[in-house]
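One structure is given here, and the rest of the page talks about it.
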Amino acid sequence: MTAATTIRTGQVTGPPAIDVRGLTKRYGRRTVVQNLDITVPAGVVAGFVGPNGAGKTTTLRMLLGLVRPTAGDGTVLGEPLRAPEDFLPRCGALIEGPALYPGLSGRRNLHSLAVLAGQDPAIADDVLDQVGLAGRADDAYRTYSLGMKQRLGIGAALLSDPDLLVLDEPTNGLDPAGIRQMRDLVRSLAEAPPGERHRARTVLVSSHLLAEIEQICDWLIVLEKGRLAYQGPTASFMASSGSRVELRPESPDALGMLADLVAGLGLPCERAGDRVLVEIRPATGTDPAGDARPAPEPALAAVNRAAHANGITLVEMTWRQASLEDRYRDLVEVTAGGAQ
Amino acid sequence: MSAALQATVRAYRAELVKLQRPGVALSMAAVTLLTVLPTVLAIVLADDTFTPPSPGQPGLSISIPQLETAQGLVLGFRGGTTFIGLLVFVLFTVSMTAEFSQGTVRSLFLKEPRRLSWLVGRLGIMLWTVAIALFLALVLSLVASTVLAAVRDIDTGEWWTATALGEVATAYLNALLAAAFFAIAGTALGIALRSTTAALVVGIAWTFPLEHIVQDSWGTATSVLPGLVFDAVGRGGVPDASYTPALLAGLGYAVAALVFASVSLRRRDVTA
Ligand SMILES: Nc1ncnc2c1ncn2[C@@H]1O[C@H](COP(=O)(O)OP(=O)(O)OP(=O)(O)O)[C@@H](O)[C@H]1O
Ligand SMILES: [Mg+2]
């Protein structure tokens, strides 16, 4: 079980941070985003995944007033989708990489954006500290490395101390330490600031790093070819794929008998090399909001008992939990086959 | 204060922060130099043959008798307005297309979704900058004229009269008006095409060869085609296009360009 599966949705009541219906975007004759219904509860860290060209960036642009939806409506932070001036002051966003002025220093870039948003420009210094650029704040943006530019872009998104933070592939170009900092940053943002327990900060982050998403996101949206493939708690998404147990008997001669025993317990299995692979399917009727991943212990105990009773000694019993990536592959890559 | 107006003021101030960079100082220096250079050339190359003074005379063929009139003080500055107009046009076009090609327009619109307010605030501060650069250019041009007149023994008795200073003020305002027209046209072109290369090719092909080819075969073009009209305003009227009609036509073009730019900016997706 990962830390992120402690769902925060329950703690925060009130309207969803994002609630849109029928969101559609056509470019010419190509429908890039089709009839998307998205709900992101307030206070969650939501992951937004899908193959290249699935329409993630286009969707985020529509949510933030950069691109006009062909159809669809809804609310962001409770304000109408079509009135971005009412919700953008409470949003921070980094869309498709950082875009700042090459000739200006990092500080002056943030300073200018803060002034544009009507904020105290002194905030720029705090943010530079937060994204680890304080030491290079006065160098021209043009001279920054890829990861430093990315950090400054994230800094620009943080300027407004946003209620809704939208990050499109924020880990692009970041080193492992940067990726870890990003993860910590997102987590810390999602926690209510001290003394502001009522305030729900919501993060929507698109990424291709599924392991990262699995760790930090408690809500998941999967997009495929412009359509919604999954939306809901990350835990439920993973639960629906179950997990796998690998059994290795002391003697390979016992493989056939072991497989029969497992099958006799009602568990689907197959032989592979010197092992028997057992599927642990999700229990039916799980609570969609909770951590619904099937606990493998009862099944494991039953298998072990049966093997022992039949004189088979197990030398290995490994529980492999399906990762978000496994589940994602089942759902998306088989059908999509990458970018279209 | 209405929300839109507040947004305009914020955009103006944010743009002011951006303007404090070397490139802007360089551009201002270029505007200034482009004005001083014609002044220097006009006085250094002036000969004694008399041609009747006319405000629309191309800048560089100026005679000493012309320089000794009340207009003499400002003839050099006036001769530079064509260059300034084109430079301002290119600068405004490129600064707008750069917002799109660098993607900064999306960073801006994420902070300020009132796109029209942003446009107005941005144009406001940039035109202020042009006004300041032009003023510096004017002062430098007047200084250079005075110095060179002394060197060339030109009689400047008419120069520091109320009439002459009125001419100076008029020349400055006309140059500023023309620069503003060129600035708005460049901004609109940049918003329409979004690509620096495309905008420069179209803009320069239009103002240089195209308009002048048309002008050669059709004299009325001077008071009809936008680039020529703006230029006529900057020079206080020319023989083929007198001042007031040129001013009205120029205003018409500027308003049309602003309306077009506003609609385009508001309606089109930001995919940069
Ligand atoms: N301005 C545009 N004009 C035409 N088609 C576009 C435009 N912008 C995006 N598209 C198309 O929309 C589709 C979705 O693009 P989008 O950038 O939203 O995908 P994505 O999910 O963000 O992909 P990636 O993971 O590669 O970032 C693509 O097929 C793309 O070609
Ligand atoms: Mg994308």
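Naming: A, B, ... by sequence-line order, numbering from 1 per chain.
For the atom pair B/Leu110 CG and A/Leu88 CG, the distance stands at 6.5 Å (nearest 0.5 Å). For the atom pair OH (A/Tyr101) and NZ (B/Lys18), the distance works out to 2.5 Å, reported to the nearest 0.5 Å.
When each of B/Val105, B/Val17, B/Leu16 is checked for heavy-atom pairs under 4.5 Å with chain A, B/Val17 comes out on top. For chain A, the option among B/Ala98, B/Ala272, B/Gly23, B/Gly121 with the highest count of heavy-atom pairs below 4.5 Å is B/Ala272. Of the listed residues A/His111, A/Gln119, A/Arg108, the one with more heavy-atom pairs under 4.5 angstrom with chain B than any other is A/Arg108. Most heavy-atom pairs under 4.5 Å with chain A: of the set B/Arg267, B/Arg13, B/Arg115, this distinction falls to B/Arg267.
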Please report the C-alpha distance between A/Leu113 and B/Leu108 in whole Å, then the side-chain angles of each, then the deciding distance to 0.1 Å, and finally whether the side chain to side chain contact (heavy atoms under 4.5 Å, CB included) criterion is met.
-> CA-CA 7 Å; A/Leu113 287 175; B/Leu108 295 169; 4.1 Å; yes

Stepwise side chain to side chain contact (heavy atoms under 4.5 Å, CB included) test for B/Asp269 and A/Lys25 | CA-CA 11 Å; B/Asp269 289 342; A/Lys25 182 67 190 180; 2.6 Å; yes

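Heavy-atom minimum distance, B/Ser107 versus A/Ala99: OG-O, 2.6 Å. Nearest approach of B/Gln102 to A/Leu100, heavy atoms of both residues: OE1-O, 4.4 Å. Here the closest heavy-atom approach between residue A/Ser160 and residue B/Lys111 is recorded as OG-NZ, 4.3 Å.
Proximity to chain B (any heavy atom under 4.5 Å) is shown, for A/Leu116, by both the backbone and the side chain. Only the side chain of A/Arg61 comes within contact range of chain B, with at least one heavy atom under 4.5 Å from a heavy atom of that chain. Both the backbone and the side chain of B/Gln20 come within less than 4.5 Å of a heavy atom in chain A. For B/Arg122, no part lies under 4.5 angstrom from a heavy atom of chain A. Residue A/Phe87: no heavy atom, backbone or side chain, is found under 4.5 Å from chain B. Only the backbone of A/Pro98 comes within contact range of chain B, judged by heavy atoms closer than 4.5 Å.
In terms of modelled atom types and a separation under 3.5 Å, the side chain of A/Ser112 and the main chain of B/Ala14 share a donor-acceptor contact. With B/Arg106 contributing its side chain and A/Ile95 its backbone, the two residues share a donor-acceptor pair below 3.5 Å.
For B/Arg21, the CZ atom sits in a packed shell: over 12 heavy atoms of surrounding residues, nucleotides or ligands are nearer than 6.0 Å. Applying the 6.0 Å contact sphere to CZ of B/Phe135 captures no more than 12 heavy atoms from other residues, nucleotides or ligands. More than 12 non-hydrogen atoms from other residues, nucleotides or ligands lie less than 6.0 angstrom from CZ of A/Arg82. Other residues, nucleotides and ligands contribute only 12 or fewer heavy atoms inside 6.0 Å of the CZ atom of B/Arg266.
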